[in-house]
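Report on one structure; see the data block that follows.
We use all heavy atoms of the structure for the numbers below, so side chains are in, but hydrogens, waters and symmetry mates are not.
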Amino acid sequence: MKLWRGGCLATLAGDRGWGLVDDGALLVDGGLLRWVGPAAELPPEATNAEVVELRGALVTPGLVDCHTHLVYGGNRAHEFEQRLHGATYADIAKAGGGIRATVAATRAASEAELLASATKRARSLIGEGVTTLEVKSGYGLDAATEARMLRVARQIAGVDVRTTYLAAHALPPEFGDADDYIAAVCQWLPGLHAQGLVDAVDAFCEHIAFSPAQVARVFEAARALGLPVKLHAEQLSDQGGAQLAASYRALSCDHLEYLSPAGVQAMAQAGTVAVLLPGAFYALRETKLPPVQQLREAGVPIAVATDHNPGTSPTLSPLLMLNMACVLFGLTPEEALRGLTVHGARALGLHDRGQLVAGQRADFCVWDAGHPRELAACFGHNPLIERVRHGIQGGS
């Protein structure tokens with residue numbers, strides 16, 4: 001048993017508020033938080049615990065990055081230049097760039113190469129306090145490479161990884177018909193699930209990707225296996241994807257710049273999390289804002305994630321995403337931090353982390369900061385002192 005004491009705790013307990021506890025303490029046992037509260041009210045069982053002095057540091061839940069594309073080959077920095085010269089996301093995709101370019105590089109990479117590059121990226125996220133992250137496939141678009149990506153994601157060490165099957169990401173060059181490809185996507189899924197490689201299923205519902213009817217076929221295949229679904233929805237246009245995903249009680253809908261009022265209400269009724277991705281919004285120089293106020297009013301939980309990918313959000317800084325979520329989307333610092341903790345976990349179907357309350361996993365971060373709003377207000381530096389995962393310092 002270990003006792004962490006003498007810090008300012010941002011517990012995020014309850015549905016709102018920082019849940020601040022000045023001169024707080026956390027009692028950790030067996031990888032779980034056994035007790036959280038003021039140091040002056042420690043329970044008797046803390047008497048014999050090993051003590052770690054926090055010396056006034058800020059403690060928050062460990063960060064949860066609920067949307068990444070961390071496993072891939074190659075890079076697409078040249079597309080950054082193309083966009084600066086006026087090319088749009090759709091222009092680049094139609095010319096064979098974008099997702100298809102990364103597919104070619106990923107197919108050419110070995111499993112060892114993919115693991116080495118993904119591990120390096122994960123270390124950057126870990127270095128800013130991430131204790132749980134999601135990794136999507138979707139840069140293979142064939143059975144063998146999708147499986148290779150998911151196997152690599154399972155091997156990333158030092159962080160808890162949830163894997164998402166995203167073969168319905170783009171139409172690969174060897175398929176001329178999208179319906180035929182969707183049939184293949186559905187056919188591959190049971191085998192990957194049987195190998196223990198899939199935690200959830202995602203798709204890209206967009207005019208440059210797949211229609212709601214095609215996505216529904218993928219979701220039906222997921223439902224048959226008891227797998228939860230997520231959706232890249234309403235990023236470039238309103239396809240009604242959020243309503244479709246909500247009808248399957250999706251864990252989350254992500255991007256959402258073009259989300260309609262009907263989509264907001266459908267998500268609210270289904271309990272689906274809205275995942276905002278300010279890195280992609282920034283990199284693509286978008287101007288259409290997601291309907292944050294409508295999401296708030298409807299009670300839709302709002303998560304924030306890096307969306308790390310090689311083309312449209314090549315960031316590896318969750319702390320920068322806190323700032324961008326506030327500056328670009330108008331979230332409060334508290335909303336942004338909840339988005340990268342409790343609501344990020346909820347977007348992955350995880351309810352055992354994201355808050356500093358008794359019974360939750362002992363995943364937390366110790367920061368050189370006096371108040372949690374500083375994490376969102378400041379950028380360009382890393383105030384992390386220590387990351388604890390499963391109650392283990394360093395969180396390996």
Side-chain angles (χ1 to χ4, degrees), residues 62-75 99 102-103 105-128 130-170 185 188-204 218 222 225 227-232 251-252 254 275 277 279 303 305-311 313-316 318 344-345 347-350 353 363 389-390 395-396:
L63 304 186
V64 179
D65 193 351
C66 66
H67 183 133
T68 85
H69 304 256
L70 211 63
V71 177
Y72 59 84
N75 74 74
I99 294 167
T102 299
V103 168
T106 304
R107 287 179 175 182
S110 69
E111 191 160 325
E113 289 169 336
L114 290 175
L115 179 59
S117 60
T119 296
K120 183 177 179 179
R121 296 175 196 122
R123 285 179 184 147
S124 294
L125 297 175
I126 289 168
E128 288 198 1
V130 171
T131 52
T132 299
L133 60 83
E134 183 243 29
V135 178
K136 302 179 190 294
S137 68
Y139 291 133
L141 310 188
D142 62 34
T145 315
E146 289 289 302
R148 185 157 73 247
M149 291 184 69
L150 292 166
R151 283 196 304 270
V152 166
R154 286 283 197 236
Q155 295 174 62
I156 296 172
V159 66
D160 287 352
V161 175
R162 304 293 288 181
T163 56
T164 298
Y165 177 62
L166 181 59
H169 198 194
V185 169
W188 301 333
L189 178 56
L192 296 171
H193 177 52
Q195 295 174 57
L197 295 176
V198 180
D199 295 318
V201 174
D202 197 352
F204 188 15
V218 177
L225 297 169
L227 288 167
V229 299
K230 306 164 69 68
L231 189 66
H232 284 61
L251 292 175
S252 73
D254 304 29
V275 180
L277 304 172
T306 63
D307 186 21
H308 174 79
N309 71 74
S313 187
T315 182
L316 286 165
L348 298 178
L350 302 173
R353 65 200 75 184
D363 291 356
R389 187 172 71 97
H390 295 191
S396 60

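Judged purely by atom type and a 3.5 angstrom limit, H308 has no side-chain atom pairing as donor or acceptor with the backbone of L70. Under a 3.5 Å cut-off, the side chain of D254 and the backbone N or O of V275 do not form any donor-acceptor pair. E111 places no side-chain N or O within 3.5 Å of a backbone atom of R148 that could act as its donor or acceptor partner. The closest donor-acceptor contact from the side chain of E128 to the backbone of S124 lies at 3.5 Å or more, if one exists at all. A donor-acceptor pair under 3.5 Å links the side-chain atoms of H169 to the main chain of G138, judged by distance alone. In this structure a side-chain-to-backbone donor-acceptor pair under 3.5 Å is present from Y165 to V185. Side chain of T145 to backbone of D142: no donor-acceptor contact under 3.5 angstrom is found. Side chain of N309 to backbone of T68: no donor-acceptor contact under 3.5 angstrom is found.
A side-chain contact (heavy atoms from CB on, under 4.5 Å) with L125 is found for one member of T315, T131, V130 and no other, namely V130. Of the candidates T163, D65, L251, L348, L348 is the only one forming a side-chain contact (heavy atoms from CB on, under 4.5 Å) with E134. Of the residues P318, C66, P314, the one that meets the side-chain contact (heavy atoms from CB on, under 4.5 Å) test with T306 is P318.
Nearest approach of I126 to G158, heavy atoms of both residues: CD1-O, 3.6 Å. Taking both residues in full, the closest heavy atoms of H69 and H67 are given as NE2-NE2, 3.2 Å, listed atom of the first, atom of the second, then distance. When all heavy atoms of V218 and A168 are compared, the pair lying nearest together is CG2-CB, 4.2 Å. In terms of heavy-atom proximity, A222 sits nearest to V229 at CB-CG1, 3.7 Å. Nearest heavy atom pair, residue K230 against residue A200, reads CD-CB, 4.1 Å. V71 approaches A118 most closely through the heavy-atom pair CG2-CB, 3.8 Å.
Taken from CG in L197 to CG in L150, the straight-line distance is 5.5 Å, to the nearest 0.5 Å. How far NZ of K136 is from CG of L166: 6.0 Å, rounded to the nearest 0.5 Å. Atom CG of D202 sits about 9.0 Å away from atom OG of S137, to the nearest 0.5 Å. Considering CG of L114 and CZ of R107, their distance stands at 13.0 Å, rounded to 0.5 Å. In this structure, the separation between CE on M149 and CG on L141 is 8.5 Å, given to the nearest 0.5 Å. If you take CD on E146 and CG on L192, they are separated by 7.5 Å, rounding to the nearest 0.5 Å.
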Going through the checks in order, is the side chain to side chain contact (heavy atoms under 4.5 Å, CB included) test met by V159 and R123? CA-CA 9 Å; V159 66; R123 285 179 184 147; over 6 Å; no

Test R162 against T132 for side-chain hydrogen bond (donor to acceptor under 3.5 Å, both in side chains), laying out the working first. CA-CA 8 Å; R162 304 293 288 181; T132 299; over 6 Å; no

Test L189 against V198 for side chain to side chain contact (heavy atoms under 4.5 Å, CB included), laying out the working first. CA-CA 8 Å; L189 178 56; V198 180; 4.2 Å; yes

What do the steps show when you test L133 against V161 for side chain to side chain contact (heavy atoms under 4.5 Å, CB included), and what is the final call? CA-CA 5 Å; L133 60 83; V161 175; 4.1 Å; yes

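For R154, the CZ atom is densely surrounded, since the number of other residues' heavy atoms within 6.0 Å is greater than 12.
For E113, there are no salt bridge (charged side-chain N to carboxylate O under 4.0 Å, His left out) partners two or more places apart in sequence or in a different chain.
Annotation: cation-pi geometry satisfied between R121 and Y72 (NZ/CZ under 6.0 angstrom from ring centroid, within 45° of ring axis).
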